[in-house]
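Please read the structure below before turning to the comments.
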Amino acid sequence: MSENFIRDPQSRHLQWMGSLLAFAVYVFLLAPIAVVVPMAFGSANELSFPPSNYSLELFRQFLSSSAWTGPLLQSAKVACISTVIVLLMGVPAAYGIARFQFPGRGLIMGAMLSPLIIPSVVTALGFYLYFSYLRINGTTLALVLGHVMHTLPYVLVMIVAGIQKLDRNLEFGAQLMGAGRFRMFRTVVLPQLVPSLIGAGLFAFLISFDEVVISWFLSGPTTATLPVKMYSAIRWEISPIIAAVSTLLTGISLVVCLIMVALKKTTPAQG
Amino acid sequence: MNRAAELRGAAAFVTPATLVTLTILAAPLLYILYTSFEGPAFSTRAYSELLGSALFRRTLSTTLIIAISASALSLLLGYIIALHLARQTPRRRSLYMVLVLLPFWTSVLVKCYAFTVILGRSGLVNEVLTWATGSQVELALILNRIGVLIGMTNYLTPFVVFPVLASLMAIDESVYRAAAVMGAKPSRIFRTVTLPLSLPGIIAGLSSVLVMALGFFIVPALLGGPRDAMLSNLVDFYTRETLDWSMAAAVGVLLLGMVVLAIAPLSVLRRRQS
């Protein structure tokens with residue numbers, strides 16, 4: 001909708017109104033971040049905005065309390081392990097789905113993508129009941145397994161999209177030259193996929209790191225992740241430390257968001 | 001490549017993930033169904049008890065009302081943003097896009113915490129209103145329906161922006177020019193060109209938002225009051241408070257059924273569009 005054909009004053013007026021409305025919505029969308037970040041740099045015994053004086057006190061309290069650093073490390077651990085597993089499993093699967101026709105392909109893909117549609121409370125309940133039966137509830141293993149299944153669909157979608165942009169003739173060429181299936185995959189497909197791999201890995205890490213519902217059902221007292229700890233903290237006591245934790249989470253989101261935008265720009269084909 | 005080689009190739013790549021999906025995802029989901037019928041005993045006790053319980057019926061209607069209103073609100077807000085983004089030059093569009101992407105990536109817990117600070121009894125909004133009116137204002141904006149709708153709309157709006165923007169950008173500009181040349185006023189252009197041609201994006205956005213809204217758990221738990229509990233919270237209640245796993249499983253099955261019912265007509269519509 002370029003401006004050049006709009007001359008009528010009524011439409012100018014409407015456009016101006018539209019932009020004004022859009023800015024109001026942007027403000028609404030960004031309000032939570034705009035409030036939480038300054039609060040994190042406020043002092044420890046006030047819960048108001050804007051803070052009257054600025055300090056790093058809340059971050060110091062956050063990082064010196066084992067009630068918070070334990071869950072922080074646990075989240076980092078679960079997110080790292082899940083990301084590695086989901087990539088090891090999801091990338092070859094995405095290649096198989098993108099490049100081969102086989103019976104049951106739609107069904108397998110549907111099953112792997114189903115967590116996108118199934119409410120996470122339902123998958124969480126399924127894991128909870130099934131893992132109680134297997135007696136692994138409350139362990140880090142249970143959390144990792146839950147997070148792997150929860151992040152698999154995102155990895156699958158991103159990697160399949162990446163593979164579909166590659167030139168298949170290079171793969172045929174490698175196989176004609178005598179490379180086995182896995183050697184071809186390792187030396188021809190994977191190197192070309194690096195931007196998608198980084199993107200999918202970051203996405204999986206962030207989803208796992210921020211995930212609340214599944215972790216809420218699967219974690220035990222010693223395996224609580226940061227979001228679980230935060231969820232119960234917001235429920236029971238509104239401590240200003242949560243502002244510092246929120247700022248940390250937002251910072252991680254911002255970094256991931258910027259890397260993703262940068263990755264999109266460096267990929268030659270538009271994505 | 002012949003057919004046998006094709007199959008062997010596919011199997012080599014797809015088998016590990018398929019086996020994991022079957023044992024770690026499909027099995028738990030089937031296990032919910034099994035538990036909802038009380039295991040081998042096969043009884044429909046949980047379902048008949050649920051359908052007879054006032055708590056369940058109230059939660060069901062709350063879930064539907066909240067999910068539909070939050071989806072409608074986010075469609076409205078998302079459409080406003082998408083229209084604005086579609087009008088920008090590519091450079092400015094990617095700049096404004098960050099304003100949508102950053103909230104999109106922000107944890108739902110961060111948003112809930114922020115809204116308790118913004119909307120609380122002595123929160124930012126009430127403070128500003130007190131200052132502006134000169135008298136003490138203490139509007140109840142959280143721990144009720146308003147809080148849930150604000151929180152959910154804030155979370156869901158970016159999910160509408162992306163598909164709607166994609167459809168708006170796909171509209172050929174000459175259609176607008178033709179409509180304007182023929183003398184159509186902006187409101188008429190919007191009604192007869194923009195809106196119908198962006199319908200695929202609206203349907204895609206609406207179906208994904210509705211699916212998410214039906215299963216919301218964190219926002220009603222943190223920003224809603226006891227009367228705003230949704231089906232997800234009921235699942236949690238039966239699992240943790242009353243330890244009645246069959247009831248929890250039955251609620252889960254019904255919730256999943258609702259989600260499927262909600263997207264079925266929308267996906268039929270989407271197929272007809274394409």
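Computed from a predicted model, the values in this text were never measured in an experiment. Order of the sequence lines fixes the chain letters, A, B, ..., with proteins taken first and strands second; residue numbering starts at 1 for each chain.
Residues of residues 20-28 of chain B lying under 4.5 angstrom from chain A, judged on non-hydrogen atoms, are B:V20, B:T21, B:T23, B:I24, B:L25, B:A27, B:P28 in numerical order. Using a 4.5 Å cut-off between non-hydrogen atoms, the part of residues 143-151 of chain A that approaches chain B consists of A:L145, A:M149.
In terms of modelled atom types and a separation under 3.5 Å, the side chain of B:S232 and the main chain of B:G215 share a donor-acceptor contact. Looking at B:Q88, its side chain never comes within 3.5 Å of a backbone N or O of B:P90 through a donor-acceptor pair. Between the side chain of A:S75 and the backbone N or O of A:L226 there is at least one donor-acceptor pair closer than 3.5 Å. Proximity of a side-chain donor or acceptor of A:N137 to a complementary backbone N or O of A:A142 within less than 3.5 Å is not detected. Of the possible polar contacts, none joining the B:K111 side chain to the B:V219 backbone as a donor-acceptor pair under 3.5 Å is found. Put simply, the side chain of A:R235 never gets that close to the backbone of B:L222: no donor and acceptor are under 3.5 Å apart. At least one donor-acceptor pair under 3.5 Å links the side chain of B:S246 to the backbone N or O of B:T35. For B:N126 (side chain) and B:G123 (main-chain N/O), no donor-acceptor pair under 3.5 Å exists by modelled atom type. With B:R188 contributing its side chain and B:A179 its backbone, the two residues share no donor-acceptor pair below 3.5 Å. Side-chain N or O atoms of B:D244 include none that pairs as donor or acceptor with a backbone N or O of B:Y238 at under 3.5 Å.
Looking at A:L156, there are no atoms closer than 4.5 Å to chain B (heavy atoms on both sides), in backbone or side chain. With a threshold of 4.5 angstrom between heavy atoms, A:A34 does not approach chain B through any atom at all. For A:L254, the parts lying near chain B are the backbone and the side chain together; criterion is any non-hydrogen pair under 4.5 Å. Both the backbone and the side chain of A:A31 come within contact range of chain B, each with at least one heavy atom under 4.5 Å from a heavy atom of that chain. Contacts of A:S120 with chain B are absent, with no heavy-atom separation under 4.5 Å from either backbone or side chain. If you measure heavy-atom distances from A:S132 to chain B, the contacts under 4.5 Å come from the side chain alone. Residue A:V35 touches chain B through its side chain alone, counting heavy-atom pairs closer than 4.5 Å. For A:I108, the part lying near chain B is the side chain, with the backbone staying farther off; criterion is any non-hydrogen pair under 4.5 Å. The contact between A:Q101 and chain B is made by backbone and side chain atoms together, counting heavy-atom distances below 4.5 Å. Contact of A:L14 with chain B is made through the side chain alone, with heavy-atom distances under 4.5 Å.
Of all heavy-atom pairs spanning B:L168 and B:S198, the tightest one is CD2-CB, 3.8 Å. For the residue pair B:L156 and B:M212, the shortest heavy atom distance occurs at CD2-CB, 3.9 Å.
Ranked by heavy-atom pairs shorter than 4.5 Å toward chain A, the options B:L7, B:V108, B:T239 are led by B:T239. For the set B:V253, B:L101, B:T18, the entry with the most heavy-atom pairs within less than 4.5 Å of chain A is B:T18. No other option in B:V100, B:V181, B:L109, B:I218 has as many heavy-atom pairs under 4.5 Å with chain A as B:L109. Between chain B and the options A:I33, A:V212, A:V36, A:L29, the largest number of non-hydrogen pairs under 4.5 Å is found for A:L29.
A cation-pi arrangement is present between B:R240 and A:F217, with the terminal nitrogen or guanidinium carbon under 6.0 Å from the aromatic centre and inside a 45° cone about the axis.
Ring-plane geometry between A:Y26 and B:Y96 is classed as parallel, the angle between the planes falling under 30 degrees on a 0 to 90 degree scale with a further cut at 60. In this structure, A:F28 and B:F115 have tilted ring planes: the angle between them lies in the 30° to 60° band.
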